[in-house]
Amino acid sequence: MILATVTDEVLPGRSEACFPHIFETALKQGVSTFEIRMVEAKRYPIVEADAWTRMRKFGEEYGINFTTVSPGLFKTGLSHDLMSIHRNQLASMSMDLAETIDIDVLVTFGVMREATDGPDSFAKVVDILRDTAEKAAARGFTVQLENFPGSWADTADNCLALLKAVDHPAFAYCWDVGNLYDADQEHFLEGYKKLKPFIRNVHLKDGQYIGDHMVWQHFGKGKTDVKGQIEALKADDYKGTLTVEAKCEPQMDEDFPTSLEYLRSLL
């Protein structure tokens, strides 16, 4: 398994000086592979030019391997004003910029549910995701569906339904057990058995419901069963990426090394 993380999951800083500290902290924990989400204070790909230049410059200096981009694609509803922009400009821009640094993996969400959704909405979501996969494949990209509460890809069964319906070789799955637990508070194992043929990336985070909302915590402290996840992946000889999403609430400097120490004890 390949340890990785996300640009905004290592340290809370988002200033012009943040990337050297982010990369140094990650490298000390043996992590040099990154998914790009936030570039300083802006989400990819709508970033400041100077911030992008700094990320690339320090990435090269520290030997960082950027492998994936996460633009928040389709984190909007079918009828929302932003849908056509996501489907056309945002998807295309995300791949355009990714190509400049040889990235060929695009993370997408499964379209947010709306009160106006009807009986034909699932088919519309499938059409959008398949069209995105086809356009991505034509450019040499693969698309990874990330589950998220409130979307058409919220629970394991709903993710499976989308993956099967899209049915495209360039369309795979980013297994985020923290988000699955946030959606239904169910243990991961039964869902994992169904989804594992599609898994190409794993987002690791831990937490539990406190009051009426999910609170993210250090690995091993929550209810998502990080230990069980690693055991299941090891048993199936998973060779893909383990992307560490270690930030808690509020995010602190010690979150990343604390969770990495626990994770390494399992590997």
(request) Specify whether Phe109 and Phe148 have parallel, tilted or perpendicular ring planes, treating 30° as the upper limit for parallel and 60° as the lower limit for perpendicular. (result) perpendicular

(request) Spell out, as yes or no, whether a donor-acceptor pair under 3.5 Å connects the side chain of Thr241 to the backbone of Thr243. (result) no

(request) Using a 4.5 Å cut-off on heavy atoms from C-beta on, say whether the side chain of Glu35 contacts that of Thr5. (result) no

(request) Mind checking salt bridge (charged side-chain N to carboxylate O under 4.0 Å, His left out) for Lys135 and listing every partner two or more places apart, or none if nothing turns up? (result) Asp131

(message) Donor-acceptor check, side chain of Thr7 to backbone of Arg37, threshold 3.5 angstrom: yes or no?
(response) yes

(message) Between Arg54 and Cys18 (side chain of the first, backbone of the second, donor and acceptor by atom type, cut-off under 3.5 Å), is there such a pair?
(response) no

(message) Closer than 3.5 angstrom, by distance alone: can the side chain of Ser92 be matched with the main-chain N or O of Gln89 as a donor-acceptor pair?
(response) no

(request) Each residue besides Met214 in its hydrophobic cluster should be listed here, by chain and number; the cluster joins Ile, Leu, Val, Met, Phe, Trp and Tyr at side-chain heavy-atom distances under 4.5 Å. (result) Tyr181, Tyr209, Trp216

(message) I'd like to check Gln144 versus Thr108 (side-chain heavy atoms, cut-off strictly below 4.5 Å). Are they in contact?
(response) no

(message) Walk me through whether Arg113 and Asp154 qualify under salt bridge (charged side-chain N to carboxylate O under 4.0 Å, His left out).
(response) CA-CA 10 Å; Arg113 294 179 185 271; Asp154 50 1; 3.7 Å; yes

(request) Taking the side chain as every heavy atom from C-beta outward, state whether Asn158 and Trp152 have any pair of such atoms under 4.5 Å apart. (result) no

(request) Answer yes or no: are there more than 12 heavy-atom neighbours, outside Met252 itself, under 6.0 Å from its atom CE? (result) no

(message) If we count only N and O atoms by modelled type, under 3.5 Å, do the side chains of Glu146 and His203 hold a donor and an acceptor together?
(response) yes

(message) Please list all pairs meeting salt bridge (charged side-chain N to carboxylate O under 4.0 Å, His left out) that have one or both residues in residues 59-71, counting only residues at least two apart or in different chains.
(response) Lys57-Glu61

(message) Under a 4.0 Å threshold between the charged nitrogen and the carboxylate oxygen, would Arg14 count as salt-bridged to Glu40?
(response) no

(message) Tell me which pairs pass salt bridge (charged side-chain N to carboxylate O under 4.0 Å, His left out) where either residue lies in residues 254-266, with sequence neighbours left out.
(response) none

(message) Suppose the criterion is salt bridge (charged side-chain N to carboxylate O under 4.0 Å, His left out): which pairs have a residue in residues 228-238, not counting sequence neighbours?
(response) Lys196-Asp236, Lys227-Glu231, Asp237-Lys239

(request) Given side chain to side chain contact (heavy atoms under 4.5 Å, CB included), test Val105 with Phe141 step by step and report yes or no. (result) CA-CA 6 Å; Val105 179; Phe141 280 77; 6.0 Å; no

(message) With no hydrogens and no angle check, just 3.5 Å: does a side-chain donor-acceptor pair link Tyr62 and Glu24?
(response) yes

(request) Please find out if less than 6.0 Å separates the ring center of Phe188 from that of Trp175. (result) yes

(request) Keeping to residues at least two apart or across chains, list the salt bridge (charged side-chain N to carboxylate O under 4.0 Å, His left out) pairs with something in residues 167-183. (result) Asp176-Lys205

(message) Using the side-chain contact (heavy atoms from CB on, under 4.5 Å) criterion, which residues pair with Ser259? Sequence neighbours excluded.
(response) His218, Phe219, Ala246

(request) Under the salt bridge (charged side-chain N to carboxylate O under 4.0 Å, His left out) rule, collect the residues that match up with Glu99, sequence neighbours excluded. (result) Arg139

(message) Can a donor-acceptor pair be found, under 3.5 Å and without considering hydrogens, that links the side chain of Ser32 to the backbone of Asn65?
(response) no

(message) If only side-chain N and O atoms count, and only distance matters, is there a donor-acceptor pair under 3.5 Å linking Thr53 with Asp50?
(response) no

(request) Report the C-alpha distance between Trp52 and Leu97 in whole Å, list the side-chain angles of each, state the deciding distance to 0.1 Å, and finish with yes or no for side chain to side chain contact (heavy atoms under 4.5 Å, CB included). (result) CA-CA 10 Å; Trp52 180 257; Leu97 191 55; 3.7 Å; yes

Run the side-chain donor-acceptor check on residues 71-83: report pairs under 3.5 Å with partners two or more places apart or on a different chain.
unit_1	atom_1	unit_2	atom_2	d
Ser79	OG	Glu114	OE1	2.9
Ser79	OG	Glu114	OE2	3.1
His80	ND1	Leu82	N	3.0

(message) With heavy-atom distances below 4.5 Å as the criterion, would you say the side chains of Asp225 and Leu189 are in contact?
(response) no

(message) I'd like to know if the side chain of Tyr173 pairs up with that of Asn201 as donor and acceptor (distance under 3.5 Å, no hydrogens or angles considered).
(response) no

(request) May I ask you to check whether Ser70 and Arg43 show a side-chain donor-acceptor distance below 3.5 Å? (result) yes

(request) State, with a plain yes or no, whether a side-chain heavy atom of Leu267 is found less than 4.5 Å away from one of Leu3. (result) yes

(message) So, using salt bridge (charged side-chain N to carboxylate O under 4.0 Å, His left out) as the criterion, who are the partners of Lys221 when residues are at least two apart?
(response) none

(request) Applying salt bridge (charged side-chain N to carboxylate O under 4.0 Å, His left out), name anything that partners Lys223, two or more places apart in sequence or on another chain. (result) none

(request) Evaluate the side-chain proximity of Val202 to Leu233: yes if any heavy-atom separation is below 4.5 Å, no if none is. (result) yes

(request) Please list, chain by chain and in numerical order, all residues satisfying ring pair (Phe, Tyr, Trp, His ring centres under 6.0 Å) with Phe23, sequence neighbours excluded. (result) Phe19, Phe34

